[in-house]
Each structure stands twice: as C-alpha cells, then as structure tokens.
Amino acid sequence: MTKRSFAEVRRFVRSDCRSFAIAIAGLLPLVLASCGGAPIQPGALVKTVQAEEAMVMPPPSGPGIVGVIERRYDNAIEQEIPLFTSALTPGQNFIKAQFFGTKSAFSYSSNRLTSKMVSQSGTAREMASGFPGVRMVRSQFYVQNSYGPFGYAFGRGRGSDLCLYGWQQIRSQAQKMSPVDNYGSIQIRVRICEAGATEQALLAFMYNFTINASVDSLGWNPYGDASPLSPEIGRTGAPTYPRPASTEAIVPVLPQRQAAPMIRRAAPAAPVRPAVAPVASSMMEPVMQPVGPRIPSVSALSPAGLSPSAPSDAAASPRSLTPAAAPRVTVPSPSCSTQAEGANVVCR
C-alpha cells in the first residue's frame, strides 16, 4: 500500500469516528430518557375502596360490609372484605376474594401472587389462623352453589357462637384451559361467627353471595363453557312445567288478612224508673164525724136489721177514699124520742 492510499484510509476512518461520536451524543438523551420510570403512584398496590366496589357481595340478609381492602399484584387482584361482627369469639368476619389472570399496571414489577390448589392441609392452616382455639369440623357432604362445588366446616366458639369457614375455587376444566381461552381462576374464602346462629342460616351465606367483578379480557373465563341445553327442550312428548319438582309459588304468597270479628252492640235500653208506691196525700178532705151519742159498731148490729147499701158515686171518688179505706155503711139515726140532758133532739 502506498503512502497516499494509507493517508486516504486514515482520513476516512477519522471522519467516520467523528460522525459516530456525533450520533452517539445525539442519541444519549433519548437513551437516558427511556431508562426513566413512571411517576410513583402512592397507594396503588394497597388501598381502601368503597363498599360498592367489593368484588364479592354478601347476601341481602347480611352480615353487612364494614370496609374493603384491595391489594394489586402482577397477576392478580385480592380483596379482603371485613364484615359486621357481634360474636364473642376472637377474630373478624370476612370474605377474601382473589382474581387471577389480571395484568399488572407496572411494567417492571415482580410482585406475583401464587395460585394454590385447595387442599386439606391448606384449609386446616387457614382455619387455625382464622379461628384460634376453636375446633372446626369439616363437612363430608358434597355441595355446590351457582358457581360450582365448595367446602365448609363448622365449629363452636365462645358462648353461643357458631362459626363457619367456607372455601371455593372457581376455574375451568384443565383440558379446556389455554393461554388464550378459558384461563384465570377465582379463590373465595368466607369466615363467619354469629351468636345463636344455626348451621342452615350460616350455610345459606355460601349459596347466596354474588360475584360482582370480572377481568376485562376476552379469554378470561374461570367459569368454563356454558352447560348444554337439556335434550328434552323442543322434543315432542316432553311437556315442560314451571318448577316441576317444587311446590314453591312463583311469587311470594301474601298472608291472608283475617277479618276482625264483628261485634254487634245492642241498642241502649230505656232507663227503668223504679216503681214508687203511691203515697196517700196528706191533704185529704177530713171525714165528718156524726154529732150525737156514740154509735155501736156494725159488727154489733143484728144482720137482720141491717142491709149494706151500694156505695154512692161520691163515695167512690178517689179524693174521698184512702188507699186502704173500705166502702161506707149507712147507719140509721137515733130515735127521735131520745132525750139527753133534758133537751129534745130534733129528728133529721
């Protein structure tokens, strides 16, 4: 290589290095800017939300929601929902819901929540933590609600407290799950203690709670495929009745109103005035006594010489009779020839 050609190559290399350095200097701010993170979002991982934002709602009969604590992970959202508690047993009633299959709001986070299968050892540890000092008895019955099968256990707490612990995992069948379809799952835990409660009343909680959230993704579906229609639908000779295996009414039956018995009141009787015995008037006319000698009584007279006469109209007058008076008897006057004290008596 001649000196001239070597000098030309050297000048070319110097020019390229200078251009490369200029290019690097221009791109350096962009590279540094791309390394910067997003502004810090305080409270984004753990926060308190309103009761209406709870992902699982208790039945209308309660117990009521006290608050909602939400935790966000790279692959899940967890909510712990404290419920109203009035029992003597230590601990807080709650619902815990975990929704797996979500997308993290942070690009460079490593905060993942592990999804574990339901096992006896796992539920035993959970019950020991949620019910300290309470012996929980696991039910051996197979039960399921609207979302699928679930398990539960009962235990007797302090006083008259009855405690329930329920667990449920909702996910599609393994053979139907894929990274783009039917993925995701839901874990639910329920802890309730109530004074004077019955097993039926507490178990009704597991049948009547409502899942109130979902993940905004086309392939997220922990419920699996919809159940096929019954082969009896549309087939001739297979009548369908409303609720054929139940006698429950379609609408609640209102209690019949019993008519109040009619009480007939008798008309008030006229006041009865006590009978007053007639009282003889003190202003009766005086009875005139005959003037003359004393006349013997009627009983002393001979019956042949006397003949009682009928009382006159005047004698029958009520003014001249006393209540106990008898009819008067006419007595003949004394003889006209009788003399008294030497004086003649005039016959009348």
Side-chain angles (χ1 to χ4, degrees), residues 52-63 76-77 79 81 95-103 115-120 123 138-154 164-190 192 197-259:
E52 57 269 17
E53 299 181 26
M55 297 189 299
V56 177
M57 289 291 184
S61 58
I77 297 178
Q79 280 190 352
I81 308 169
I95 305 173
K96 180 182 288 187
Q98 296 175 341
F99 282 59
F100 291 91
T102 62
K103 184 179 179 180
S115 177
K116 298 180 180 180
M117 299 294 295
V118 176
S119 62
Q120 291 190 4
T123 54
R138 190 188 307 266
S139 173
Q140 302 299 325
F141 295 102
Y142 174 84
V143 290
Q144 65 180 32
N145 55 18
S146 300
Y147 303 104
F150 67 91
Y152 64 96
F154 282 111
L164 163 74
Y165 189 72
W167 56 89
Q168 185 170 17
Q169 182 182 43
I170 305 172
R171 55 178 298 178
S172 299
Q173 298 180 3
Q175 61 272 19
K176 295 183 179 181
M177 294 180 62
S178 68
V180 295
D181 192 19
N182 292 333
Y183 65 88
S185 63
I186 300 176
Q187 295 274 5
I188 295 177
R189 301 292 186 268
V190 175
I192 297 178
T198 61
E199 293 186 3
Q200 291 77 11
L202 294 185
L203 193 59
F205 189 100
M206 297 297 298
Y207 286 96
N208 297 309
F209 70 79
T210 304
I211 295 178
N212 193 37
S214 63
V215 176
D216 188 14
S217 178
L218 185 61
W220 189 86
N221 181 23
Y223 308 107
D225 297 334
S227 301
L229 293 177
S230 173
E232 302 294 329
I233 296 179
R235 187 170 63 86
T236 304
T240 303
Y241 301 95
R243 301 187 181 185
S246 174
T247 57
E248 182 183 355
I250 300 298
V251 296
V253 179
L254 299 178
Q256 297 182 357
R257 300 180 60 183
Q258 297 181 357

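Note that these values count all heavy atoms, side chains included, but never hydrogens, waters or copies made by symmetry.
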Legend entry - Atom CD of Gln120 with >12 non-hydrogen neighbours under 6.0 angstrom: no
Inset, instruction - For Gln79 and Val56, indicate whether the former's side chain and the latter's backbone hold a donor-acceptor pair under 3.5 Å. - result: no
Legend entry - Ile188, Thr210, Asn212, Ile77 screened by side-chain contact (heavy atoms from CB on, under 4.5 Å) with Met55, the one that passes: Ile77
Inset, instruction - Supply the atom-to-atom distance Ile186 CD1 to Phe100 CZ, rounded to the nearest 0.5 angstrom. - result: 10.5 Å
Inset, instruction - Would you give the length of the straight line joining atom CD1 of Ile170 to atom CZ of Phe150, rounded to the nearest 0.5 angstrom? - result: 11.0 Å
Legend entry - Taking every non-hydrogen atom, the tightest pair across Ser172 and Gly224: OG-N, 3.1 Å
Inset, instruction - Rounded to the nearest 0.5 Å, what's the gap from NZ on Lys103 to CG on Asp216? Could you check? - result: 11.0 Å
Inset, instruction - State the CG-CG distance between Leu164 and Leu203, to the nearest 0.5 angstrom. - result: 6.5 Å
Legend entry - Listed partners of Phe205 passing ring pair (Phe, Tyr, Trp, His ring centres under 6.0 Å), at least two apart: none
Legend entry - Spacing of Gln168 atom CD and Arg189 atom CZ [to the nearest 0.5 Å]: 9.5 Å
Inset, instruction - Dump the intermediate steps for side-chain contact (heavy atoms from CB on, under 4.5 Å) on Asp225 and Asn182, then the final yes or no. - result: CA-CA 8 Å; Asp225 297 334; Asn182 292 333; 3.7 Å; yes
Legend entry - Donor-acceptor under 3.5 Å (Ser185 side chain, Gln169 main chain): no
Legend entry - Over all atoms of both residues, closest heavy-atom pair of Ala238 and Glu232: CB-OE1, 3.2 Å
Inset, instruction - For Ser217, enumerate each residue passing the side-chain contact (heavy atoms from CB on, under 4.5 Å) test, keeping only those at least two apart in sequence or located in another chain. - result: Tyr183, Val215, Trp220
Legend entry - Side chain proximity check, Lys116 to Gln187, heavy atoms < 4.5 angstrom: no
Inset, instruction - For the pair Tyr147 (side chain) and Ile211 (backbone), establish whether a donor and an acceptor sit closer than 3.5 Å, ignoring hydrogens and angles. - result: yes
Inset, instruction - Enter the distance from Arg138:CZ to Tyr165:OH here, rounded to the nearest 0.5 Å. - result: 10.0 Å
Inset, instruction - Report the C-alpha distance between Tyr152 and Val190 in whole Å, list the side-chain angles of each, state the deciding distance to 0.1 Å, and finish with yes or no for side-chain contact (heavy atoms from CB on, under 4.5 Å). - result: CA-CA 9 Å; Tyr152 64 96; Val190 175; over 6 Å; no
Legend entry - Val143 side chain near Met206 side chain, heavy-atom distance below 4.5 Å: no
